[in-house]
Asker: 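Below: one structure in structure tokens.
Every value quoted in this text rests on a predicted model; they were computed, and no experiment measured them. Every chain is numbered from 1 and lettered A, B, ... according to where its sequence line falls, protein lines coming before strand lines.
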2 protein chains.
Amino acid sequence: MIILDYKDTRPIYEQVVEKFKLLILKGVIQKDEQMPSVRSLAVELSINPNTIQKAYAELERQGYIYTVKGRGNFISDSKNLLDERKEELKNRMVLLYKEGKELGMTKADFIGRLQEMEE
Amino acid sequence: MIILDYKDTRPIYEQVVEKFKLLILKGVIQKDEQMPSVRSLAVELSINPNTIQKAYAELERQGYIYTVKGRGNFISDSKNLLDERKEELKNRMVLLYKEGKELGMTKADFIGRLQEMEE
DNA sequence: TATACTGTACTATCACAACTAATACACATA
DNA sequence: TATGTGTATTAGTTGTGATAGTACAGTATA
């Protein structure tokens with residue numbers, strides 16, 4: 001279901017969180033579907049169950065999944081999460097622009113680069 | 001000359017590098033001007049000289065400053081560096097856009113947000 | 001009820017990075 | 001020569017990421 005990148009310098013649990021966030025936001029895994037169990041995913045990825053546990057705890061904290069003790073972890077409703085994520089991306093772009101502005105760049109510099117890409 | 005943010009989770013030496021890169025690119029410190037000495041800056045920021053040393057080594061590696069043993073660290077010519085930095089910012093924005101595209105966002109979403117800002 | 005799944009909690013240990021601390025050495029210059 | 005530069009080295013502290021092992025509690029089902 002997910003693949004780890006060992007060249008990536010980020011912590012493993014962060015990668016796991018990131019991958020699942022994408023799968024959930026893109027709708028690949030849907031509302032109330034069951035997540036792989038902590039132990040099975042640990043075996044599949046050849047890492048320690050505690051690391052998966054940490055990733056799941058983070059996903060729950062951020063509202064992406066919910067836990068039912070003794071049964072497993074399940075996907076939350078991601079409608080609002082998707083909108084929040086889109087806002088976050090736009091805000092990060094504004095921060096980039098502000099950084100560029102300090103160096104003498106204009107909106108047109110950024111917009112131009114976007115427009116010259118194929119959609 | 002610079003101020004550290006202890007709420008920032010990044011390493012101190014990275015913050016020092018970042019702050020000086022901005023000062024140099026913006027022309028606040030100019031070509032051949034002298035950097036504060038490792039020891040004096042360490043005292044000023046109340047951190048260890050080795051940490052400053054690490055930051056300066058990184059700045060030199062990236063071409064922002066040059067070292068004269070026994071005399072001090074001095075600012076390099078930043079003409080090309082500025083252009084490179086602008087390119088880097090535009091590339092980071094492209095990455096943001098690609099991330100958003102996976103979630104169903106369009107160029108217009110990003111461009112719109114930029115345009116509704118006052119210049 | 002017994003068994004086998006779930007998640008959760010805790011402790012111990014290892015590795016590594018960031019940072020501090022102290023010291024020593026080499027070069028430049030007034 | 002004295003003082004201020006950068007550089008190098010070694011040692012120790014702290015925090016984080018990850019592994020390892022164990023134990024416990026809730027759920028489902030044969």
Asker: List in numerical order all residues of residues 10-23 of chain A for which some heavy atom is under 4.0 Å away from an atom belonging to DNA chain D.
Answerer: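 Per residue number, the list reads A:Pro11, A:Ile12, A:Tyr13.
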Asker: Where does the chain B footprint on DNA chain C start and end, counting 5' to 3' with a 4.0 Å heavy-atom cut-off?
Answerer: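 Reading along DNA chain C, I get C:dA18 to C:dT29.
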Asker: Could you list all the ring-ring contact (aromatic ring centres under 6.0 Å, His included) pairs where at least one residue sits in residues 1-49 of chain A, not counting sequence neighbours?
Answerer: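 Of all non-adjacent pairs touching residues 1-49 of chain A, none passes ring-ring contact (aromatic ring centres under 6.0 Å, His included).
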Asker: Of all the heavy-atom pairs spanning A:Lys19 and A:Ile3, show the shortest one and how long it is.
Answerer: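 What the structure gives for the nearest pair is CE-O, 3.1 Å.
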Asker: Looking only at atom types and distance, does a side-chain atom of B:Lys107 sit under 3.5 Å from a main-chain N or O of A:Ile111, one as donor and one as acceptor?
Answerer: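 No.
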Asker: Can you confirm whether A:Leu22 sits close enough to A:Val28 that some side-chain heavy atom of one is under 4.5 Å from a side-chain heavy atom of the other?
Answerer: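 No; the side chains remain at least 4.5 Å from each other.
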Asker: Please check this pair: side chain of A:Ser78 against backbone of A:Leu81, looking for a donor-acceptor N/O pair closer than 3.5 Å.
Answerer: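 Absent.
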Asker: Protein within reach of the bases, or only the backbone? For nucleotides 2-14 of chain D, mark each nucleotide 5' to 3' as B, S or -, using heavy atoms under 4.0 Å.
Answerer: --BBBB-B-----
Asker: Check this one for me: any side-chain N or O of A:Thr51 less than 4.0 Å away from OP1 or OP2 of D:dG17?
Answerer: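 No, A:Thr51 has no side-chain N/O under 4.0 Å of OP1/OP2 on D:dG17.
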Asker: Under the ring-ring contact (aromatic ring centres under 6.0 Å, His included) rule, what pairs show up with a residue in residues 55-96 of chain A, not counting sequence neighbours?
Answerer: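 Listed once each, the pairs are A:Tyr66-A:Phe74.
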Asker: Using the test side-chain contact (heavy atoms from CB on, under 4.5 Å), find all partners of A:Val43 that sit at least two apart in sequence or belong to another chain.
Answerer: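 With sequence neighbours excluded, A:Val43 shows a side-chain contact (heavy atoms from CB on, under 4.5 Å) to no residue whatsoever.
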Asker: Hey, are the side chains of B:Ile47 and B:Leu41 touching, using non-hydrogen atoms and a 4.5 Å cut-off?
Answerer: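 Contact flag for B:Ile47/B:Leu41 side chains = no.
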Asker: How close do B:Met105 and A:Leu89 get, counting heavy atoms only, and between which atoms?
Answerer: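 Reported closest heavy-atom pair: SD-CD1, 4.0 Å.
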Asker: Donor-acceptor pair, distance only, cut-off 3.5 Å: does the side chain of B:Glu33 make one with the backbone of B:Gln30?
Answerer: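 Yes: the side chain of B:Glu33 pairs with the backbone of B:Gln30.
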